[in-house]
Enquirer: 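Before anything else, here's the structure in question.
Letters go in sequence order (proteins before strands), and every chain restarts at 1. Just the heavy atoms: all of them, side chains too, but no hydrogens, waters or symmetry mates, feed the values below.
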Amino acid sequence: MSLAAEAFVSQMAAAEPWPESATLYQPLKEDQILLSDCASSLAVQAYLRMCGLPVQVVCKSNAEYMSPSGKIPFIHVGNQVVSELGPIVQFTKAKGNSLSDGLDDVQRAEMKAYMELVNNMLLTAELYIQWCDDATAAEISRPRYSSPYSWPLSNILAYQKQWEVRRKMNAIGWGGKTLEQVYEDVTQCCQALSQRLGTQPFFFNKQPTELDALVFGHLFTILTTRLTSTELAERIKSYSNLLSFCRRIEQTYFEDKSS
Amino acid sequence: MAAPDELFCWEGAWGLPSVSSDCLTVLAYAQFAGAPLKLRKISNPWRSPSGSLPALRTNQNETLSRPSDIIIHLRKQKFNADFDLSAKEGADSLAFISLLEERLRPALIYNSWVDSKNYVEVTRRWYAEHLPFPLNFLLPGRMQRQQLETLRLLRGDPHLEGGEELEKELYREAAECMDLLSQRLGAHKFFFGDSPSSLDAYVFAYLAPVLKAKLPNGKLQQHLKSLDNLSSFCSNILLLYFPQDTRESGGQKSSSPPQPEGGDFDHVPNKRRKQLMSALVALGAMLSYALLTGILSIQQLQQEALEAPPDLQTLGSRDEDEEGDG
C-alpha cells in the first residue's frame with residue numbers, strides 16, 4: 001500500500017506543471033558555439049516550442065562542463081537537469097507532453113529510426129567537418145571552442161577535444177574517409193530525408209514530432225552557419241522540399257514569438 | 001569477367017557462417033545478391049590483406065574492409081539486392097541501419113566483450129582456441145581493449161567501466177531497438193517484399209549471433225527469443241541461405257552429448273603441444289637465467305643451478321592451471 005502510494009506521489013511529481021523559470025543552457029552564441037552543438041541546441045528549442053513549453057535560453061561559456069552528460073544542450077526545470085534531445089523527450093513525456101502519441105507502432109519505429117539516421121550521419125558529418133578537416137579546425141573550430149580561455153589552457157583544451165573527436169571517428173570507421181566521401185554521406189542522408197518527407201508538411205502527417213524538431217535543428221543550422229566552404233549547405237540546397245520544410249518550421253515556431 | 005573477388009572472413013561457430021557481425025553482414029548480402037565470391041574463412045586476422053576482418057580483395061587488387069564499402073562495391077558490380085526497393089524503401093533501409101548501429105551495436109559489444117563472464121567463458125575462449133599459437137595469447141586481450149575503447153568513444157565517456165548500471169542502460173536501448181524492428185517487420189518474411197535486401201542482411205548480422213551464441217549472461221538472447229517474428233526471421237535466413245553451416249552445427253549438436261571422451265581425445269594433441277611448449281619455455285627461461293648470471297661469474301653457476309628447480313615447478317604448475325581453464 002505504502003509502495004503504491006509512493007509510486008503515485010512520484011508520478012504526481014513528474015506530472016507537476018512546467019515551470020515558467022525553465023532554462024536551457026548552451027555555449028556563447030556569438031563567439032563560442034560550434035555547428036554541431038548549435039544544431040543540437042536548436043533541435044531541443046524547436047522541440048520545446050512545438051510542445052508549447054516556454055524555455056529561456058542562457059548562454060554560458062562553461063555550459064559543456066555544467067551538463068550532467070558533458071553534452072550540449074541541457075535544460076534546468078524545477079529541481080531537475082536533463083541533457084540531450086532523447087532524454088528531454090522522455091522527460092517531457094513524463095510531464096504529459098508528447099508529440100508522438102498519435103503515431104502507430106510502425107510509425108513510431110520509423111520515427112526512431114530516422115532520428116538515429118540524423119544522429120548517425122548528419123551529426124557525425126558535422127563533427128567530422130569541424131574537427132577532422134584541417135582548414136575548418138584551424139580557422140573556425142579551435143579558435144571558437146577555446147575563445148573563453150587564456151593562452152596555454154585554450155590550446156590544450158582545443159587540441160584535447162580535437163584528439164577525442166578524431167579517435168571517435170577512427171572507432172566508428174570514419175577515420176579513413178575523405179571530405180568528399182563525407183559530403184557524399186550527407187547527400188545520401190538528405191536524399192533519404194527528402195524521400196521520406198515527400199510533399200507532406202511534416203514527416204508524419206500534419207502534426208510535428210520530435211523527428212521534425214531534430215531535422216530542423218540540423219538542417220537550419222547548416223544552412224545558416226558560415227564555414228570555410230559552402231559545400232555542406234549546397235548539398236542540402238538541392239532538396240527543395242527540405243528547404244521549404246525548414247522555412248515552414250521557422251515561420252510557425254520561431255517568428256510568431258518574436259513579432 | 002576475371003577471377004572472382006576474394007572475401008576474407010572470420011570462421012563460424014554455433015551454427016553461424018561467421019562469428020563477427022561485420023563478416024555476417026557481408027556474407028549475407030553476398031548471398032542475397034548472388035555475388036560469386038571466393039570465400040576464405042580464416043581465424044587469423046593477420047593473414048587478411050587489410051589486417052582486419054572482413055576484407056575483400058577485388059580483382060583489381062584493391063582491399064576494402066568496411067562492410068558498407070564492400071556492399072557498395074558489390075552493388076557497382078551489378079550484384080544489387082536492393083534493386084527492387086522504391087526510393088522511400090531505400091530511405092527506410094538507411095534509417096533502420098543507423099538505428100542498428102547507434103542502439104544495438106554498443107549493447108552487442110558489451111554483451112560479448114565487456115560483460116566479464118561472457119568474455120572469459122565464451123568470447124576469449126573461442127578466440128584463444130581458434131587463433132594460431134603465438135597470437136592466441138596476444139590478440140583476445142588486445143581485441144577486448146579495442147572494443148572497450150570503441151564503446152567508450154561511442155558513449156562519449158572516457159572513464160566508462162563495465163557494471164550493472166551501464167549494462168541496464170545498454171540492454172534497455174537494445175531491447176527497445178529489437179522491439180522497434182519487430183514492429184516494423186510485423187508478419188512479413190523480409191523487411192521489404194518477398195526478397196531480402198541490405199537491411200535484412202544488417203538485421204540478420206546483428207541479431208543472429210545474439211540468438212545463437214551460448215553466453216552465460218543471456219539477457220539479450222532472452223529478449224530476442226520473446227520476439228517470435230524476429231527470431232524466426234534469423235533462423236529462416238540461416239536455413240535458406242546458409243544451409244551448410246546450419247547442418248554442420250546440427251551434426252555437432254547431435255554428437256556433442258555423448259562426446260565428452262571424444263572431445264578429450266580431440267584435445268590431446270593440442271594439450272601435448274601446449275605441455276611441450278610450456279616445458280620448453282620454462283627450460284629456456286631457466287637456461288637464459290643461468291647463462292646470463294653464469295657469464296657474469298662462473299663461480300655462481302652452481303648456486304644458480306640449485307635455485308633453479310623451484311622456478312621450474314612454479315612455472316610448470318602455472319601453465320597447468322591455464323590449460324585447465326582453456
Side-chain angles (χ1 to χ4, degrees), chain A residues 64 67-72 83-84 86-87 90 103-124 127 160-161 163-177 181 184-185 187-198 203 211 215, chain B residues 22 50 52 63-70 72 85-106 109 146-160 169 172-173 176-188 191 199 202-203:
Chain A
E64 191 180 350
S67 163
S69 68
K71 290 189 183 138
I72 288 163
S83 70
E84 291 180 85
Q90 294 283 331
L103 304 182
D104 63 32
D105 283 348
V106 173
Q107 283 178 325
R108 195 167 304 130
E110 286 174 354
M111 182 191 78
K112 295 250 160 99
Y114 276 90
M115 288 181 75
E116 294 307 334
L117 172 71
V118 174
N119 286 332
N120 191 14
M121 295 186 99
L122 269 188
L123 181 65
T124 318
L127 284 172
Q160 197 180 22
K161 180 81 184 173
W163 170 241
E164 187 194 312
V165 173
R166 287 193 174 184
R167 277 199 326 177
K168 181 180 168 158
M169 292 295 154
N170 285 333
I172 58 174
W174 280 51
K177 285 195 183 182
Q181 279 172 313
E184 210 42 56
D185 281 349
T187 309
Q188 212 185 356
C189 174
C190 289
Q191 166 100 39
L193 289 173
S194 165
Q195 279 295 339
R196 176 77 224 188
L197 183 63
F203 277 91
L211 172 64
V215 173
Chain B
D22 286 345
S50 68
S52 65
T63 305
L64 301 167
S65 53
R66 273 165 56 91
S68 56
D69 291 343
I70 297 179
I72 290 172
L85 298 190
S86 69
K88 187 174 161 289
E89 286 172 332
D92 283 359
S93 303
L94 205 61
F96 276 96
I97 292 169
S98 303
L99 180 76
L100 287 171
E101 283 178 358
E102 294 275 317
R103 297 294 183 87
L104 205 50
R105 200 165 145 228
I109 292 177
Q146 277 169 357
Q147 298 281 358
L148 183 62
E149 187 65 30
T150 308
L151 188 62
R152 282 179 178 156
L153 291 166
L154 285 178
R155 306 291 298 177
D157 176 0
H159 308 293
L160 182 123
E169 199 184 320
R172 189 178 49 76
E173 277 182 14
E176 195 198 347
C177 174
M178 289 182 201
D179 291 341
L180 295 174
L181 287 171
S182 156
Q183 282 157 8
R184 180 67 184 75
L185 182 63
H188 301 286
F191 277 87
L199 175 61
Y202 275 94
V203 174

Enquirer: Could you tell me which non-hydrogen atom of A:Leu117 sits nearest to which non-hydrogen atom of B:Ala95, and how far apart they are?
Expert: CB-CA, 3.9 Å
Enquirer: Looking at B:Glu102 and A:Asn120, what are the two nearest heavy atoms and their distance?
Expert: OE2-OD1, 3.3 Å
Enquirer: Counting C-beta onward and ignoring hydrogens, is there a side-chain heavy-atom pair between B:Glu149 and A:Arg167 closer than 4.5 Å?
Expert: yes
Enquirer: With rounding to the nearest 0.5 Å, note down the distance linking OG in B:Ser98 to CG in A:Leu122.
Expert: 10.0 Å
Enquirer: First locate atom CD of B:Gln183, then atom CD of A:Gln107, and finally report the distance between them rounded to the nearest 0.5 Å.
Expert: 11.5 Å
Enquirer: CG/A:Asn119 to CD/B:Glu101 distance, rounded to the nearest 0.5 angstrom?
Expert: 12.5 Å
Enquirer: To the nearest 0.5 Å, tell me how far B:Arg155 CZ sits from A:Ser69 OG.
Expert: 10.5 Å
Enquirer: May I ask you to say whether A:Arg196 pairs ionically with B:Asp92, meaning some side-chain N is under 4.0 Å from a carboxylate O?
Expert: yes
Enquirer: Quick one: what part of A:Gln188 sits under 4.5 Å from any heavy atom of chain B, side chain, backbone, both or neither?
Expert: both
Enquirer: Under 4.5 Å between any side-chain heavy atoms of B:Phe96 and A:Glu110, yes or no?
Expert: yes
Enquirer: Measure the spacing between CZ of B:Arg184 and CZ of A:Arg108 and express it to the nearest 0.5 Å.
Expert: 15.5 Å
Enquirer: How close do B:Leu99 and A:Lys112 get, counting heavy atoms only, and between which atoms?
Expert: CD1-O, 4.0 Å
Enquirer: Quick one: what part of B:Glu176 sits under 4.5 Å from any heavy atom of chain A, side chain, backbone, both or neither?
Expert: side chain
Enquirer: Any non-hydrogen side-chain atom of A:Trp174 less than 4.5 Å from a side-chain atom of B:Arg66?
Expert: yes
Enquirer: Can you tell me which portion of B:Leu181 sits under 4.5 Å from chain A's heavy atoms? Options are side chain, backbone, both or neither.
Expert: neither
Enquirer: Counting heavy-atom pairs closer than 4.5 Å to chain B, which one of A:Ala109, A:Gly198, A:Cys189 comes out on top?
Expert: A:Ala109
Enquirer: Which region of A:Met121, side chain (C-beta onward) or backbone (N, CA, C, O), has a non-hydrogen atom less than 4.5 Å from a non-hydrogen atom of chain B, or is it both or neither?
Expert: side chain
Enquirer: Supply the atom-to-atom distance B:Arg152 CZ to A:Lys168 NZ, rounded to the nearest 0.5 angstrom.
Expert: 15.5 Å
